[in-house]
Every structure is written in structure tokens, then in C-alpha cells.
Participant: 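Supplied in C-alpha cells, the structure appears directly below.
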Amino acid sequence: MSTTGRVAGKIALITGGASGIGRAAAQRLAAEGATVIVTDRDGPGAAAVAAALGAPHAAATLDVTDEAAWAAVVAEAVARHGRLDVLVNSAGIGRHGDIESTTLADFRLMYRVNVEGTFLGCRAAVGAMKAHGGAIINLSSVAGLIGVPDLAGYCASKGAVRLLTKSVALHCAKQGYRIRCNSLHPSFIDTPMVDAMAAALGDPAAAKAQLGRAAPLGRLGHVDDVTAAILYLASDEGAFVTGAELAIDGGLTAR
Ligand SMILES: NC(=O)c1ccc[n+]([C@@H]2O[C@H](COP(=O)([O-])OP(=O)(O)OC[C@H]3O[C@@H](n4cnc5c(N)ncnc54)[C@H](O)[C@@H]3O)[C@@H](O)[C@H]2O)c1
């Protein structure tokens, strides 16, 4: 266990840790002294991220829609480390589709992963953290703050994550649990998720440039733009911040 860094000594569990924002969060929290449990439904991918970080970091296969798997992974973390201090709910999926073209199957899939997955994570983490406190950070999206015409199901799911977060925050405050719960709302961040979105739009390079121009700051976000906020909220620097929603969007939602 590291004794230096902004999250020194904390035990942090990250979902969707094999890729993108989750992987970058694992790397950043580890660099700042946390012991990280990297999880993903992609078990080998999570294991590779943890292996690159080295001991004492670990990995687990976790499909966030699997209630029993959540119980097992959190129980294992507590058994091994004695506590859980930080949960980053980064696992998520997106499918294009407006209200006319979105299939019920796609809508349900996004709801299951993005909303039910975050709900199960929050519930499991509150159970593990309530004796000593902790921090939960939920990845919503700008699409959880404003409507996007061709992201009907994604918007619905990320809007639900925003208000689930506030409900968790208020419950924990009311119970005196010292657990903070906050949501992050990135715009387009340069990860495999945006690569897939750009590929679906045709010329990926041109599409990514166009997505970057959507933000007043004129560029795509970088994973470090998001992990800076994760680190702040995970650390004791964020001790008075709960139920908050932070847009990391280059000004996209400011107008
Ligand atoms: N990249 C962006 O532009 C952007 C913007 C706003 C919000 N977000 C949100 O941030 C989070 C991370 O996005 P990203 O860009 O890193 O995506 P990504 O596709 O790079 O990574 C997502 C990870 O989640 C995992 N995952 C998917 N379904 C899962 C499940 N059921 N159980 C466990 N793991 C699962 C995938 O295997 C993958 O490793 C998502 O919730 C996403 O909606 C991303």
C-alpha cells in the first residue's frame, strides 16, 4: 500500500477498467497511491491493465449487469483489503438511434448496462462503505444533461444515472454514512467508444474532427480531462462535494 499521493492508502474498484476512461482512471488512481481493483466484463483486458500496474493492484471479471457477480467482487475486495473506499462506475455502452429508429432491444441494453449496472454498483458499494465512508463516481454524460436527437436511449440512460447519483448522495448523507456520490458528464472524449461512433459516421478522422468542433473549446476531450475530476472526487479534497454533477465538455452545455 502506497503512503504517498492524493489517494494514498485508498482501495478503489473501477468498472469498465479495460478501456478508455476506466483504464485511465485505474492508472491515475494507482499513480496517486490507491490500490486498484480493475474490473470489466472483458476479464483478460482488465487483467492486462492490472498486470501493467503491477502489485498490489488486481483484476476481476465483472459484468456490471450481474447482481451475483457484484456481490462476489465486492466481498472479495473487502476480504482481501479490509475495506472499499472508492468506486468508479465507468462501464457503459452507447448505441445510435433517435426515437423513431431505436429498437426496444437497444434501449433495454443501454438501460441494463448504464442504469442497472450503476445501480447495482452503488448499492454494493454503499453496503461495503457505510461503516467508514467512501466516494462513488458515476460516469454519466453530457447526454444526461441535454437532449441529443440521435441518442434517445443513451440520453434516457445517462439522465437516469444523473438522478440516481443524487438519490444515493442524499440517502448516504441522511444516514450519516460519509459516502459521497457524484456524477461526471463528459462530452466526446477520445476513447474507443468515440472511435466506434466516428467509424459509424463514415470517414472516422473527419468525424472525430467534427465531434471536436462541437465543443466551444474546439477539441475532443482527453481521458486525462476526466481522470483529473475522478481523482479530485475520489480524494479527500472532494470531502464537501456530494450529489454534484460536473460537466467536462469544453463548454458544450454552457450555451
Ligand atoms: N468517450 C466518451 O466520449 C464518453 C462521453 C461521455 C460519457 N462517457 C461514458 O464514460 C464511460 C466510459 O466510456 P469510454 O469512452 O471509456 O468507453 P470504452 O468503450 O472505451 O470502455 C467501456 C468499457 O466498459 C466495458 N463494459 C461494457 N459493458 C460492460 C458490462 N456490462 N459490464 C462490465 N464492463 C462493461 C467495456 O468492455 C469497455 O472496457 C461510459 O459509461 C460512457 O458512457 C464516455
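Counting starts at 1 for both ligands and their atoms, following the listed order. Remember, it's a predicted structure, so these values are computed and weren't measured experimentally.
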Participant: Atom 3 (O) of ligand 1: which of Val161, Asp66, Ile189 has the nearest heavy atom?
Facilitator: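 Shortest heavy-atom distance from atom 3 (O) of ligand 1: Ile189.
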Participant: With a cut-off of 4.0 Å, which atoms of ligand 1 are near a heavy atom of Lys158?
Facilitator: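 Close to Lys158: 40 (C), 41 (O), 42 (C), 43 (O).
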Participant: If we set the cut-off at 4.0 Å for heavy atoms, which region of Val64 has an atom near ligand 1: side chain, backbone, both, or neither?
Facilitator: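 It is both backbone and side chain that touch ligand 1.
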Participant: List the closest protein heavy-atom neighbour of atom 37 (O) of ligand 1: residue, atom name, distance to the nearest 0.1 Å.
Facilitator: Asp40 OD1, 2.6 Å
Participant: Does an N or O from Asp63, backbone or side chain, lie closer than 3.5 Å to an N or O of ligand 1?
Facilitator: yes
Participant: Working to the nearest 0.5 Å, report the span between CZ of Arg219 and CG of Asp190.
Facilitator: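 The CZ atom of Arg219 sits 10.0 Å away from the CG atom of Asp190.
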Participant: Considering only NZ, NE, NH1 and NH2 on the basic side and carboxylate oxygens on the acidic side, decide whether Arg112 and Asp63 come within less than 4.0 Å.
Facilitator: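 No, Arg112 and Asp63 are not salt-bridged.
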Participant: Taking all non-hydrogen atoms of both residues into account, name the closest pair between Ala152 and Asp98 and its distance.
Facilitator: CB-C, 3.8 Å
Participant: Which atoms of ligand 1 are found less than 4.0 Å from any heavy atom of Phe188?
Facilitator: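 Counting from 1, the qualifying ligand atoms are 3 (O).
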Participant: Among all the protein's non-hydrogen atoms, which is closest to atom 19 (O) of ligand 1, and how far away is it?
Facilitator: Met193 CB, 3.7 Å
Participant: Report the residue from Asn89, Asn182, Asn114, Thr118 that forms a side chain to side chain donor-acceptor pair (under 3.5 Å) with Asn138.
Facilitator: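 Filter result, single survivor: Asn89.
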Participant: Measure from atom 14 (P) of ligand 1 to every heavy atom in Val49, Thr191, Asp42, Leu109 and give the option owning the shortest one.
Facilitator: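 Residue with the shortest heavy-atom distance to the ligand atom: Thr191.
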Participant: Are side-chain heavy atoms of His81 and Ile37 found at a separation under 4.5 Å?
Facilitator: yes
Participant: Measure from atom 7 (C) of ligand 1 to every heavy atom in Ala143, Ala91, Ser140 and give the option owning the shortest one.
Facilitator: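 That would be Ser140.
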Participant: At less than 4.0 angstrom from any non-hydrogen atom of Pro192, what atoms of ligand 1 do you find?
Facilitator: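 Listed by number with element, the hits are 20 (O).
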Participant: Please report whether ligand 1 has a polar contact with Ile21, defined as an N or O pair separated by less than 3.5 Å (distance criterion only).
Facilitator: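 Ile21 vs ligand 1: N/O contact under 3.5 Å present.
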Participant: Please state which part of His185 comes within less than 4.0 Å of ligand 1, counting heavy atoms only: side chain, backbone, both or neither.
Facilitator: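 None of His185 does.
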Participant: Counting C-beta onward and ignoring hydrogens, is there a side-chain heavy-atom pair between Val7 and Arg28 closer than 4.5 Å?
Facilitator: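 Sidechains of Arg28 and Val7: no contact.
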Participant: I need the minimum non-hydrogen distance between Ile93 and Arg95, along with the two atoms involved.
Facilitator: CB-NH1, 4.3 Å
Participant: Give the residue and atom name of whichever protein heavy atom lies nearest to atom 22 (C) of ligand 1, and the separation in Å to one decimal.
Facilitator: Gly92 O, 4.0 Å
Participant: Counting C-beta onward and ignoring hydrogens, is there a side-chain heavy-atom pair between Arg80 and Thr35 closer than 4.5 Å?
Facilitator: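 Counting from C-beta outward, Arg80 and Thr35 never come under 4.5 Å.
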Participant: Please report which non-hydrogen protein atom sits nearest to atom 6 (C) of ligand 1, along with the residue it belongs to and the distance in Å to one decimal place.
Facilitator: Pro186 O, 3.2 Å
Participant: For ligand 1, which is the ligand I care about here, please tell me if Ile93 has any N or O atom under 3.5 Å from one of the ligand's N or O atoms.
Facilitator: no
Participant: Taking the side chain as every heavy atom from C-beta outward, state whether Tyr232 and Leu246 have any pair of such atoms under 4.5 Å apart.
Facilitator: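 No, every pair of side-chain atoms sits at 4.5 Å or beyond.
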Participant: What are the atoms of ligand 1, with element, lying closer than 4.0 Å to any heavy atom of Val194?
Facilitator: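 Answer, ordered by atom number: 1 (N), 2 (C), 3 (O).
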Participant: Pick whichever of Val38, Leu62, Thr15 has a heavy atom sitting closest to atom 33 (C) of ligand 1.
Facilitator: Leu62
Participant: Write down the atom of Asp85, the atom of Lys10, and the distance for their closest heavy-atom approach.
Facilitator: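 Shortest heavy-atom contact: OD2-CA, 3.3 Å.
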Participant: Does at least one non-hydrogen atom of Gly94 fall below 4.0 angstrom from an atom of ligand 1?
Facilitator: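 Gly94: no contact with ligand 1 (<4.0 Å).
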Participant: Can you find a non-hydrogen atom of Arg23 under 4.0 Å from ligand 1?
Facilitator: no
Participant: Who gets closest to atom 11 (C) of ligand 1 by heavy atom: Gly17, Gly45, Ser90?
Facilitator: Ser90
Participant: What protein heavy atom sits nearest atom 18 (P) of ligand 1, and how far off is it?
Facilitator: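 It is Ser19 OG, 3.6 Å.
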Participant: Quick one: does any side-chain atom of Arg162 pair with a main-chain N or O of Glu245 as donor and acceptor, under 3.5 Å?
Facilitator: no
Participant: Output yes when Glu67 and Arg123 qualify as a salt bridge under the 4.0 Å nitrogen-oxygen rule, no when they do not.
Facilitator: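 Salt bridge present between Glu67 and Arg123.
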Participant: For atom 34 (N) of ligand 1, grab the closest protein heavy atom and report residue, atom and distance to one decimal in Å.
Facilitator: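 Minimum-distance protein heavy atom for atom 34 (N) of ligand 1 reads Arg41 N, 3.3 Å.
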Participant: Please examine the side chains of Arg255 and Pro216, heavy atoms only from C-beta on, and report whether any two atoms are closer than 4.5 Å.
Facilitator: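 In short, these two side chains touch, coming nearer than 4.5 Å.
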Participant: Taking the side chain as everything from C-beta on, heavy atoms only, tell me whether Val49 gets closer than 4.5 Å to Val36.
Facilitator: no
Participant: Does the side chain of Val142 come within less than 4.5 Å of Lys158's, by heavy atoms?
Facilitator: no
Participant: Tell me, which protein residue and heavy-atom name are nearest atom 43 (O) of ligand 1, and how many Å apart are they?
Facilitator: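 Ranked first by proximity to atom 43 (O) of ligand 1 is Tyr154 OH, 2.6 Å.
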Participant: Any idea which part of Ser187 is under 4.0 Å from ligand 1, heavy-atom wise: side chain, backbone, both or neither?
Facilitator: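 Just the backbone.
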Participant: Please identify which atoms of ligand 1 are closer than 4.0 Å to at least one heavy atom of Gly20.
Facilitator: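 Matching atoms, with element in brackets: 16 (O), 20 (O).
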